[in-house]
Amino acid sequence: MRPPVQGTTRLLYGGGLAAALLLPAAAPAQAEPPSRTPAALPAADGKKGQELPGMPTALDPRAEAVVCTPASKEKAKKQDWSRQRLDLDRLHRHTTGAGVTVALVSTGVDPGGAGLEDRVTAQGEAADDCVGQGTFLAGLIAGTGSTTPRLAGVAPGAKILALRGTDRRGQPDPALVTAAVRAATAAKADVIAVAVALPRKDAALTRAVAEARKAGAVVVAAATPDPPSRGSGDEIPSRTYWPAGEPGVLAVADMLPGGTRPDGALPTGTVDLAAPGAGVVSGGPRGKGHYLGGGTAVATAYAAGAVAAVRATHPDDPADAVTRRLTATAYPADIPQLDAYAAVTTVLGAAGAPAAGAERAADPVAVRDTSDTDRATGRATLFVLLGSAGVLSLLWAGFALSRARARGWRPAGAGTTEG
């Protein structure tokens with residue numbers, strides 16, 4: 001029987017773009033199909049850092065007995081890159097998402113999870129989070145950070161309605177997802193975050209999503225599942241996953257600190273937003289320690305938290321207007337990048353576009369969906385991260401130059417004649 005967590009991860013910090021990445025665990029004595037854990041994320045070498053256990057997305061389906069993810073004995077000491085990227089410290093001065101309920105369809109949520117006390121409604125099996133991922137995601141959406149406030153979620157004042165969309169091992173089930181969406185609609189949830197992705201369209205789920213949207217909920221869903229294994233060499237064709245492919249659903253993909261999709265990410269044409277989905281820190285269902293996780297479910301949780309923040313700040317906006325606000329204020333890129341701060345604070349014009357002079361949390365970083373091509377891993381990822389700082393500098397220099405020219409500035413000796 002294989003334990004659900006394969007080794008430890010290391011949290012790295014550095015410069016303006018702090019990076020939380022993973023060091024691979026030692027290979028087992030006998031080859032086994034890899035479980036879907038953060039150990040499959042890109043790695044980078046580094047002497048400085050902090051080791052945290054990885055949060056799996058599912059437990060081993062072949063094991064005879066279910067062994068739940070053990071409690072973490074480690075605590076993160078600093079804010080990770082994802083929260084800096086979303087500018088959550090500044091966002092929380094405007095809103096904490098108070099008064100908004102987010103229904104989270106995942107592996108369940110522990111109502112007593114660190115930073116979630118008194119704000120989680122979980123009944124029956126939804127309160128039993130053996131995998132731990134649902135509690136991890138709830139912390140990204142609405143956690144207070146407990147004793148580490150800078151590790152709070154996007155909307156720490158929001159409430160969580162926990163719903164199971166998987167079995168106890170974390171395997172998605174269409175019937176469970178459908179029942180969860182219907183329960184969320186009946187409970188009048190403001191946001192419904194579906195952290196699982198199904199490979200086939202389901203008529204009952206289609207109706208449930210349509211009913212949820214008709215009732216006024218914003219439905220956010222993972223654009224793809226997390227790959228069961230990475231680096232297998234098998235070419236996977238692009239396809240649509242569900243319920244992300246349903247009309248009006250905000251489909252979310254994961255991105256690395258440098259802006260690219262992770263190695264081995266499943267290709268799809270159904271993506272509305274990209275959000276941080278690698279090296280992210282949150283709590284779990286057992287103990288007060290922290291874990292490191294990633295994947296499309298993590299990105300979906302961040303987007304759902306941003307929706308909660310927008311709904312709290314713009315309570316009169318209908319669901320479609322909230323979705324448009326998220327996409328209109330995102331960083332322009334091949335896959336627009338979530339900007340939670342801009343989504344809350346930007347004044348939109350009559351056409352739904354940001355008004356002139358709208359403020360951004362930081363300079364944009366291009367996102368390229370290269371999941372269907374060969375990409376370097378290991379040290380190459382570190383080079384991408386280091387290079388991103390240079391890209392940001394060039395982008396900022398170009399932006400500053402264009403603004404200066406717009407105000408009439410010219411280089412010394414340029415644009416004048418004498419005679």
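Everything numeric here is computed off the predicted structure, so don't read it as measured data.
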Problem - Non-hydrogen atoms of Ala330 and Pro336 that approach each other most closely - result: CB-CB, 3.6 Å
Exercise for the section: May I ask you to check whether Asp129 and Thr135 show a side-chain donor-acceptor distance below 3.5 Å? Expected result: yes
Exercise for the section: Please lay out, stage by stage, how Val310 and Leu326 fare under the test side chain to side chain contact (heavy atoms under 4.5 Å, CB included). Expected result: CA-CA 8 Å; Val310 169; Leu326 266 290; 3.7 Å; yes
Handout entry: Close side-chain approach of Pro276 to Val298, heavy-atom, < 4.5 Å
Key = no
Practice task
Could you tell me whether Lys201 atom NZ has more than 12 heavy atoms of other residues or ligands within 6.0 Å of it?
Solution key: yes
Exercise for the section: Determine yes or no for a side-chain-to-main-chain donor-acceptor pair under 3.5 angstrom, with Arg286 supplying the side chain and Thr69 the backbone. Expected result: yes
Problem - Exam field: side chain His94 to backbone Ala309, donor-acceptor pair closer than 3.5 Å - result: no
Problem - Distance (rounded to the nearest 0.5 Å) between Leu266 CG and Thr224 OG1 - result: 5.0 Å
Problem - Sidechain-backbone polar pair: Asp226 side chain, Thr296 backbone, donor-acceptor under 3.5 Å - result: yes
Exercise for the section: Identify the two heavy atoms, one from Gly165 and one from Val105, that lie closest to each other, and give their separation to 0.1 Å. Expected result: CA-CG1, 3.7 Å
Handout entry: Under 3.5 Å: donor-acceptor pair, side chain of Thr346, backbone of Ala343
Key = no
Handout entry: Flag side-chain contact, heavy atom, 4.5 Å: Leu292 against Val280
Key = no
Exercise for the section: Start with the C-alpha distance between Asp128 and Arg164, add both sets of side-chain angles, then the distance that settles salt bridge (Lys or Arg N to Asp or Glu O under 4.0 Å), and finish with yes or no. Expected result: CA-CA 9 Å; Asp128 174 25; Arg164 272 271 197 95; 3.7 Å; yes
Exercise for the section: Measure the spacing between OG1 of Thr313 and CG of Asp316 and express it to the nearest 0.5 Å. Expected result: 12.0 Å
Handout entry: Stepwise side chain to side chain contact (heavy atoms under 4.5 Å, CB included) test for Val249 and Val220
Key = CA-CA 6 Å; Val249 173; Val220 185; over 6 Å; no
Problem - Short side-chain donor-acceptor distance under 3.5 Å, Tyr302 and Ser82 - result: yes
Problem - Separation of Gln79 CD from Leu88 CG (nearest 0.5 Å) - result: 6.5 Å
Handout entry: Side chain to side chain, Val194 and Thr300, heavy atoms closer than 4.5 Å
Key = no
Practice task
Enter the distance from Thr96:OG1 to Leu91:CG here, rounded to the nearest 0.5 Å.
Solution key: 9.0 Å
Practice task
Could you point out which residue of Val271, Val252, Asp272 forms a side-chain contact (heavy atoms from CB on, under 4.5 Å) with Ile335?
Solution key: Val271
Fill in the blank from the handout: All heavy atoms of Thr144 vs all of Pro156, minimum pair found to be CG2-O, 3.9 Å
Practice task
Verify, without hydrogens or angle tests, whether Thr260 (side chain) and Leu256 (backbone) share a donor-acceptor contact under 3.5 angstrom.
Solution key: no
Problem - Any Thr101 side-chain heavy atom under 4.5 Å of Lys159 side chain - result: yes
Practice task
Side-chain contact test, heavy atoms from C-beta onward, threshold under 4.5 Å: evaluate it for Arg83 versus Leu140 and give yes or no.
Solution key: yes
Practice task
Show your reasoning for whether salt bridge (Lys or Arg N to Asp or Glu O under 4.0 Å) applies to Glu117 and Lys288.
Solution key: CA-CA 12 Å; Glu117 298 87 353; Lys288 305 297 181 182; 3.8 Å; yes
Exercise for the section: Tell me, with the steps shown, if Asp89 and Arg150 meet salt bridge (Lys or Arg N to Asp or Glu O under 4.0 Å). Expected result: CA-CA 7 Å; Asp89 290 341; Arg150 295 200 72 197; 2.7 Å; yes
Practice task
Could you check Leu161 against Ile192 for side chain to side chain contact (heavy atoms under 4.5 Å, CB included), going step by step and ending with a plain yes or no?
Solution key: CA-CA 9 Å; Leu161 171 62; Ile192 302 176; over 6 Å; no
Handout entry: Test item: Leu137 and Leu104 side chains (from C-beta on) under 4.5 Å apart, heavy atoms
Key = yes
Problem - Note, Cys130 side chain near Thr107 side chain (heavy atom, < 4.5 Å) - result: no
Completion exercise
For Asp167 and Leu176, the nearest pair of non-hydrogen atoms, with its separation, is N-CD1, 4.1 Å
Exercise for the section: Please confirm whether the backbone N or O of Pro199 pairs with a side-chain atom of Arg239, one donor and one acceptor, at under 3.5 Å? Expected result: yes
Handout entry: Close side-chain approach of Asp254 to Pro262, heavy-atom, < 4.5 Å
Key = yes
Completion exercise
Minimal heavy-atom distance between Gly99 and Asp190, with the atoms involved, is O-OD2, 4.0 Å
Exercise for the section: Kindly give the heavy-atom pair with the smallest separation between Arg325 and Val344, and that separation in Å. Expected result: NH1-O, 4.2 Å
Handout entry: Neighbour count >12 (heavy atoms, 6.0 Å) for atom CD, Gln123
Key = no
Practice task
Please check if the side chain of Ser72 supplies one atom and the backbone of His290 the other of a donor-acceptor pair under 3.5 Å.
Solution key: yes
Handout entry: Atom pair NZ/OG1 of Lys214 and Thr185 - distance to nearest 0.5 Å
Key = 12.0 Å
Handout entry: Thr327 side chain vs Thr323 backbone, donor-acceptor pair below 3.5 Å
Key = yes
Practice task
Evaluate the criterion side chain to side chain contact (heavy atoms under 4.5 Å, CB included) for residue pair Leu250 and Val219; output intermediate values, then yes/no.
Solution key: CA-CA 6 Å; Leu250 187 68; Val219 182; over 6 Å; no
Practice task
Ignoring hydrogens and angles, tell me if any N or O in the side chain of Trp81 forms a donor-acceptor pair with the backbone of Ala278 under 3.5 Å.
Solution key: yes
Problem - Carboxylate-amine/guanidinium proximity below 4.0 Å for Arg213 and Asp320 - result: yes
Exercise for the section: State whether the side chain of Thr95 and the backbone N or O of Gly97 hold a donor-acceptor pair below 3.5 Å, judged by distance alone. Expected result: yes
Practice task
Working to the nearest 0.5 Å, report the span between CG of Leu198 and CG of Asp173.
Solution key: 8.5 Å
